[in-house]
Amino acid sequence: MSTPKTAIDPDTIAALTGRFAADPAARVAQNAVATTDIDTISLDRSVVASIDPSVSNRVDTWHAANQKKSGRCWLFSGLNLLRSGVIDRLNLEPDFEFSQAYLHFWDKLEKANWFCTSMIELAGRDLDDRTVHQLLADPIGDGGQWDMFVSLVTKYGVVPKYAMPETFSSSNTRSMNAQLEMILRRGALVIREAVARGSGEQARLEILEQVHRVLCIHLGTPPTRFIWQYRDKDKNFVRGGELTPTRFAAQVLAVDVNDYVCLVNDPRPSSGYNRMLTVDHLGNVVGGRPVRYLNVEIDVIKRLAAEIIRDGQPVWFGCDTVPQSDRERGIWDARLHDYEAVYGIDMSTTKAERMVSGQSAMTHAMVLTGVDLLDGVPRRWRVENSWGDEAADKGFWTMNDSWFAEYVYEVAVPRRLLPAELAAVLDTEPVVLPLWDPMGALA
């Protein structure tokens with residue numbers, strides 16, 4: 001027998017209204033919020049004044065990129081990590097970029113195949129099965145994870161931006177995504193019927209052809225070969241010849257993405273530290289690198305991130321970017337907004353509590369390009385955000401270390417930097433989390 005629900009009765013409403021009216025602080029807050037944005041009122045000016053953007057260790061010498069109205073932050077951040085080494089090694093101008101649209105195209109096609117393949121595998125389950133429903137809810141979104149980036153670069157290589165420039169739809173993905181979602185959701189029904197007739201593979205290929213056609217119309221056709229030539233910062237002209245994307249990647253990349261592993265900070269007791277985690281049915285490239293996380297304490301992530309920056313390299317990372325942030329100033333601090341003082345309500349939660357309650361998950365990926373160390377301890381971090389160069393320090397934000405602990409979820413680090421006891425964990429069988437788990441969120 002279900003527990004009966006309790007309605008809000010008139011006496012309860014009268015009591016609530018009376019208590020609010022008798023609270024002078026609440027009435028002052030009401031008047032303020034009625035005419036001003038809550039994030040302006042809640043902003044702690046002392047915290048803002050304390051944030052100095054200077055850092056003791058800084059590696060960025062390039063211009064900030066701009067993903068515009070798209071969810072491609074993980075691709076931008078991955079390519080920003082790669083271009084940093086190429087700019088330094090080849091003495092390129094600071095505005096050099098790899099084509100984000102190129103990997104975006106292949107990610108969409110691979111995600112469509114991942115979705116169709118999953119629909120064949122799960123054809124025996126009901127449509128309201130939670131895993132099936134989760135796949136249908138987001139069949140081909142813009143987001144991704146580090147291992148998904150590795151799979152794309154390994155299979156398709158990279159190209160300079162001029163070889164496949166941005167289009168309206170690559171920078172404004174909403175309409176294109178809506179059409180692709182429609183095709184794939186209809187395709188899921190077609191596949192389920194086809195599987196019953198023994199023709200699921202034929203249906204998969206027909207749907208992929210449709211997706212490929214839409215992608216070519218919106219994003220252009222990816223190059224199979226292109227001419228690589230450039231003028232470096234010293235005005236020397238270099239001819240690299242005609243290259244394929246994979247050959248270009250092998251020739252110019254200073255970083256081997258396959259050497260990197262993903263460390264996460266998931267403080268939920270059910271996950272456990274020093275364990276491998278994975279997420280059921282999460283990925284993009286069928287047969288590619290599986291999404292796997294090594295769960296560690298946050299201080300391990302901070303230490304390794306600082307070490308990489310001291311060695312002259314940026315760090316790809318994923319976080320929940322919206323809480324306690326100021327987009328105009330380009331800053332983060334765990335106490336930047338004092339909502340509790342405005343509302344007079346205890347709103348405190350731990351990182352684990354925010355995860356289990358659905359309040360927080362990884363929503364954005366960026367690149368750490370600096371750290372301010374005092375006696376070896378990080379105080380703040382410099383971040384390249386792929387939101388253009390109009391905010392913060394020409395697109396580079398400042399993160400106080402207090403925010404790092406609360407809202408950073410993962411980083412990609414070279415395997416060789418892991419201590420032996422953590423490196424040994426990489427080869428263990430991962431705990432499988434369901435697709436709807438917070439660790440299944442895509443940046």
Side-chain angles (χ1 to χ4, degrees), residues 67 70-78 107 111 114 130-131 133-149 173 177 262-273 275-284 290-298 300-302 305 315-325 327 332-334 336-337 339 347-368 383 385-387 397 399 402-412 430-443:
Q67 70 187 75
S70 73
R72 300 173 292 163
C73 57
W74 62 291
L75 289 176
F76 270 71
S77 301
D107 177 60
K111 280 177 177 169
W114 182 278
R130 193 166 182 183
T131 300
H133 186 270
Q134 189 73 23
L135 287 164
L136 289 167
D138 186 18
I140 196 167
D142 287 346
Q145 284 281 355
W146 172 258
D147 288 321
M148 296 162 69
F149 176 74
T173 59
N177 285 348
C262 194
L263 306 185
V264 297
N265 176 240
D266 177 357
R268 295 175 297 176
S270 59
S271 295
Y273 287 132
R275 299 171 72 185
M276 293 300 297
L277 307 175
T278 190
V279 179
D280 183 40
H281 282 91
L282 180 66
N284 57 349
V291 174
R292 289 166 57 97
Y293 311 124
L294 172 52
N295 191 28
V296 298
E297 296 188 62
I298 195 67
V300 174
I301 289 178
K302 289 183 183 181
V315 180
W316 184 98
F317 78 104
C319 65
D320 187 3
T321 191
V322 174
Q324 298 297 336
S325 66
R327 185 161 183 161
W332 295 282
D333 184 277
L336 185 62
H337 294 279
Y339 299 110
M347 303 174 71
S348 60
T349 51
T350 66
K351 191 174 188 177
E353 288 171 341
R354 289 191 293 273
M355 291 182 69
V356 298
S357 64
Q359 180 63 30
S360 183
M362 192 180 83
T363 60
H364 192 45
M366 296 175 285
V367 175
L368 297 167
V383 178
N385 204 344
S386 53
W387 289 351
W397 288 40
M399 176 203 304
S402 63
W403 194 91
F404 192 119
E406 294 295 328
Y407 297 105
V408 168
Y409 281 99
E410 63 181 285
V411 296
V431 175
V432 180
L433 303 173
L435 184 57
W436 54 90
D437 189 87
M439 296 310 296
L442 300 179

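From a predicted model like this one, the values you see are computed outputs, not experimental measurements. If you read the sequence from its start, that first residue is 1, and numbering goes on from there.
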When rounded to the nearest 0.5 angstrom, what is the spacing between [atom1] in [X] and [atom2] in [Y]?
{"X": "Gln134", "Y": "Leu282", "atom1": "CD", "atom2": "CG", "value": "10.0 Å"}
{"X": "Met399", "Y": "Ser325", "atom1": "CE", "atom2": "OG", "value": "11.0 Å"}
{"X": "Thr321", "Y": "Asn385", "atom1": "OG1", "atom2": "CG", "value": "6.0 Å"}
{"X": "Asp333", "Y": "Phe404", "atom1": "CG", "atom2": "CZ", "value": "14.5 Å"}
{"X": "Ile301", "Y": "Leu263", "atom1": "CD1", "atom2": "CG", "value": "5.5 Å"}

So do the side chains of [X] and [Y] get within less than 4.5 Å of each other, counting heavy atoms only?
{"X": "Tyr293", "Y": "Met276", "value": "no"}
{"X": "Met439", "Y": "Arg268", "value": "yes"}
{"X": "Gln145", "Y": "Val279", "value": "no"}
{"X": "Arg327", "Y": "Trp387", "value": "yes"}

Keeping the roles fixed (side chain from [X], backbone from [Y]), state whether a donor-acceptor pair exists under 3.5 Å.
{"X": "Gln324", "Y": "His337", "answer": "yes"}
{"X": "Thr173", "Y": "Ser70", "answer": "no"}
{"X": "Asp147", "Y": "Arg292", "answer": "yes"}
{"X": "Ser77", "Y": "Trp74", "answer": "no"}
{"X": "Asn177", "Y": "Gly141", "answer": "no"}

Distance-minimising heavy-atom pair for [X] and [Y]:
{"X": "Gln67", "Y": "Phe76", "result": "CA-CZ, 3.4 Å"}
{"X": "Gly144", "Y": "Met362", "result": "O-CE, 4.2 Å"}
{"X": "Ser360", "Y": "Pro438", "result": "O-CB, 4.4 Å"}
{"X": "Ala361", "Y": "Ala441", "result": "CB-CB, 3.9 Å"}

Query raised in the report: Relative to each other, are the rings of Trp403 and Tyr407 parallel, tilted or perpendicular (30° and 60° limits)?
Result: tilted

Query raised in the report: In terms of ring plane angle, is the pair Trp146 and Trp316 parallel, tilted or perpendicular, where the classes change at 30° and 60°?
Result: tilted

Query raised in the report: In chain order, what residues pass the side chain to side chain donor-acceptor pair (under 3.5 Å) check against Thr363, with sequence neighbours excluded?
Result: Asp320

Requested in this report: Might you work through the side-chain contact (heavy atoms from CB on, under 4.5 Å) test for Trp332 and Val408, ending with a clear yes or no?
Outcome: CA-CA 11 Å; Trp332 295 282; Val408 168; over 6 Å; no

Requested in this report: Go through the steps for Trp114 and Ile140 under the test side-chain contact (heavy atoms from CB on, under 4.5 Å), then give the verdict.
Outcome: CA-CA 9 Å; Trp114 182 278; Ile140 196 167; over 6 Å; no

Report task. List the steps, then state whether side-chain contact (heavy atoms from CB on, under 4.5 Å) holds for Thr349 with Ser357. Result -> CA-CA 10 Å; Thr349 51; Ser357 64; over 6 Å; no

**Report entry** From Lys351, Met355, Glu410, Arg275, residue fulfilling side-chain contact (heavy atoms from CB on, under 4.5 Å) relative to Asp266
**Finding:** Met355

Query raised in the report: Met148 and Leu442: side-chain contact (heavy atoms from CB on, under 4.5 Å), yes or no, with the steps?
Result: CA-CA 10 Å; Met148 296 162 69; Leu442 300 179; 4.1 Å; yes

Query raised in the report: Would you say Gln359 has more than 12 foreign heavy atoms packed within less than 6.0 Å of its CD?
Result: no

